[in-house]
Amino acid sequence: MIVVSARNLTKTYGTDVILDSVSFHINKGDRVSIIGVNGAGKSTLLKMLTKELPCDGGEFFVSDDMQIGYLKQDGGFDSEKTVIEEVSDIFSAFPKMESDMEKLLERMEKLTAAKPAGDSGSAEAESMRLLERYDRLQEEFREKGGYTYKSEMRGILSSMAFAENSYDKKISELSGGKKRGLRWHVCC
C-alpha cells in the first residue's frame, strides 16, 4: 500500500532550480534514506512533504494515517534538550491526546460515583456524551499511531545507533558525529 507518493515535484529559488520533476512512492513498511551532496535539495524535499515549504510544481500525497516528521539539520542541535526530547517533538500531539483521554475518564468516573441510584436523567446523558468523545479521541489516537509512538521513538534512535543509556544525554554534550547522526530522520 502506497503511503507517500510524489509526482513531478519542483522547487526553485529565483533562477536556481533545487528540485526538478522529482517523482517517487513509498510503500507501507519501506525504509527510506535520502542521500545527496550539500545543496542537492534533501532538506527542501522534506520541508515540502511536511508542508513547511510550498511546492512550485507537481503534487504529492501522504496517506491520512501517516505523519511525516524530520529532525531539522539546522535547528537547535546545540540546545539543552535531550536526545529523546528532540525525537519526541515529532510525536508531540500524542501526550496531549493521552492527557485528554485521562481527563475524560476521570470525569466519567466522577459522574458514575456521584450518580444517585435510579437517576436516568442528565448525569446519564452527560456520561454518554463523555463516552462518545472518549471513543472518538481514542480511535483518532489509535489511527495516528498513539499506541506505538514510544516504540517508534526508540526505533528511530536505535536506527541512528543511539543506545538507550544515551537517550537522556543533552544534545549539546554529543560528539560531532552523533550530532550529525541526529540531524534528520523521516518516520512513518
Side-chain angles (χ1 to χ4, degrees), residues 3-4 6 11 18 24 26-55 60-107 133-188:
V3 293
V4 179
K11 185 66 180 172
I18 305 301
F24 63 89
I26 302 171
N27 292 309
K28 188 171 183 119
D30 286 353
R31 293 192 176 267
V32 178
S33 294
I34 302 174
I35 301 169
V37 298
N38 289 343
K42 303 177 296 289
S43 295
T44 299
L45 176 61
L46 291 172
K47 288 176 183 177
M48 289 166 58
L49 294 175
T50 59
K51 298 181 182 175
E52 188 177 328
L53 279 178
C55 300
F60 68 91
F61 159 81
V62 178
S63 175
D64 288 339
D65 60 347
M66 279 301 122
Q67 177 181 354
I68 295 179
Y70 75 103
L71 298 175
K72 297 177 184 180
Q73 70 178 357
D74 55 358
F77 280 92
D78 285 322
S79 74
E80 292 303 306
K81 282 186 178 180
T82 65
V83 171
I84 195 75
E85 287 170 339
E86 192 70 43
V87 173
S88 69
D89 283 351
I90 296 169
F91 302 95
S92 62
F94 294 125
K96 180 176 181 347
M97 292 174 82
E98 287 173 319
S99 174
D100 290 348
M101 287 190 297
E102 286 175 22
K103 288 175 186 172
L104 285 169
L105 283 175
E106 288 171 8
R107 287 177 61 193
R133 276 184 40 202
Y134 179 83
D135 284 344
R136 282 192 305 271
L137 186 57
Q138 186 180 38
E139 181 64 17
E140 179 185 359
F141 186 75
R142 184 193 62 77
E143 286 177 359
K144 290 184 175 181
Y147 291 109
T148 60
Y149 82 95
K150 290 179 183 175
S151 65
E152 285 186 53
M153 288 191 311
R154 288 188 298 274
I156 289 168
L157 290 171
S158 175
S159 73
M160 293 188 289
F162 281 95
E164 274 193 57
N165 63 0
S166 66
Y167 291 1
D168 291 328
K169 195 170 206 175
K170 292 187 179 190
I171 292 170
S172 61
E173 299 171 1
L174 296 176
S175 70
K178 284 292 188 182
K179 283 182 187 177
R180 280 190 301 276
L182 191 57
R183 290 213 174 175
W184 64 269
H185 188 83
V186 175
C187 64
C188 298

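- Take Lys28 and apply the side chain to side chain contact (heavy atoms under 4.5 Å, CB included) test, not counting sequence neighbours, and it matches Val3, Asp65, Met66.
- A 4.5 Å side-chain heavy-atom check between Pro95 and Tyr149 finds at least one atom pair inside the cut-off.
- The heavy-atom pair separating Leu53 from Lys11 by the smallest distance is CD1-CE, 4.4 Å.
- Residues meeting the salt bridge (charged side-chain N to carboxylate O under 4.0 Å, His left out) test with Glu140, sequence neighbours left out: Lys144.
- A search for side-chain hydrogen bond (donor to acceptor under 3.5 Å, both in side chains) contacts involving Ser151 returns nothing, not counting sequence neighbours.
- The NZ atom of Lys170 lies 13.5 Å from the CD atom of Glu86; values are rounded to the nearest 0.5 Å.
- Here Phe141 pairs with Phe94, Tyr147 under the ring-ring contact (aromatic ring centres under 6.0 Å, His included) rule; sequence neighbours left out.
- In this structure, Ser158 contributes its side chain and Gly155 its backbone to no donor-acceptor pair below 3.5 Å.
- Taking each heavy atom of Ile34 and Leu46 in turn, the nearest pair found is CD1-CD2, 3.8 Å.
- Applying the salt bridge (charged side-chain N to carboxylate O under 4.0 Å, His left out) test to Arg133 and every residue at least two apart in sequence or in another chain returns nothing.
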Going through the checks in order, is the side-chain contact (heavy atoms from CB on, under 4.5 Å) test met by Ile90 and Glu152? CA-CA 10 Å; Ile90 296 169; Glu152 285 186 53; over 6 Å; no
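- Partners of Glu102 under the side-chain hydrogen bond (donor to acceptor under 3.5 Å, both in side chains) rule, at least two apart in sequence or in another chain, do not exist in this structure.
- Residues that satisfy the salt bridge (charged side-chain N to carboxylate O under 4.0 Å, His left out) test with Asp135, not counting sequence neighbours, are absent from this structure.
- Applying the side chain to side chain contact (heavy atoms under 4.5 Å, CB included) criterion to Phe24, with sequence neighbours excluded, gives Val4, Ala6, Val22, Ile26, Leu45, Leu49.
- Contact detail for Phe60 and Met48: the closest heavy-atom pair is CZ-O, 3.3 Å.
- In summary, Glu139 and Arg142 engage in a salt bridge, as defined by a charged side-chain N under 4.0 Å from a carboxylate O.
- Not a single salt bridge (charged side-chain N to carboxylate O under 4.0 Å, His left out) links Glu143 to another residue, sequence neighbours left out.
- Partners of Lys169 according to the side chain to side chain contact (heavy atoms under 4.5 Å, CB included) rule, which considers only residues two or more places apart in sequence or in another chain, are Glu173, Leu174.
- For the atom pair Arg154 CZ and Tyr167 OH, the distance stands at 7.0 Å (nearest 0.5 Å).
- Applying the side-chain hydrogen bond (donor to acceptor under 3.5 Å, both in side chains) test to Tyr134 and every residue at least two apart in sequence or in another chain returns nothing.
- Distance check: Lys42 NZ to Ile35 CD1 gives 9.5 Å after rounding to the nearest 0.5 Å.
- Under the side-chain hydrogen bond (donor to acceptor under 3.5 Å, both in side chains) criterion, Glu164 pairs with no residue at all, not counting sequence neighbours.
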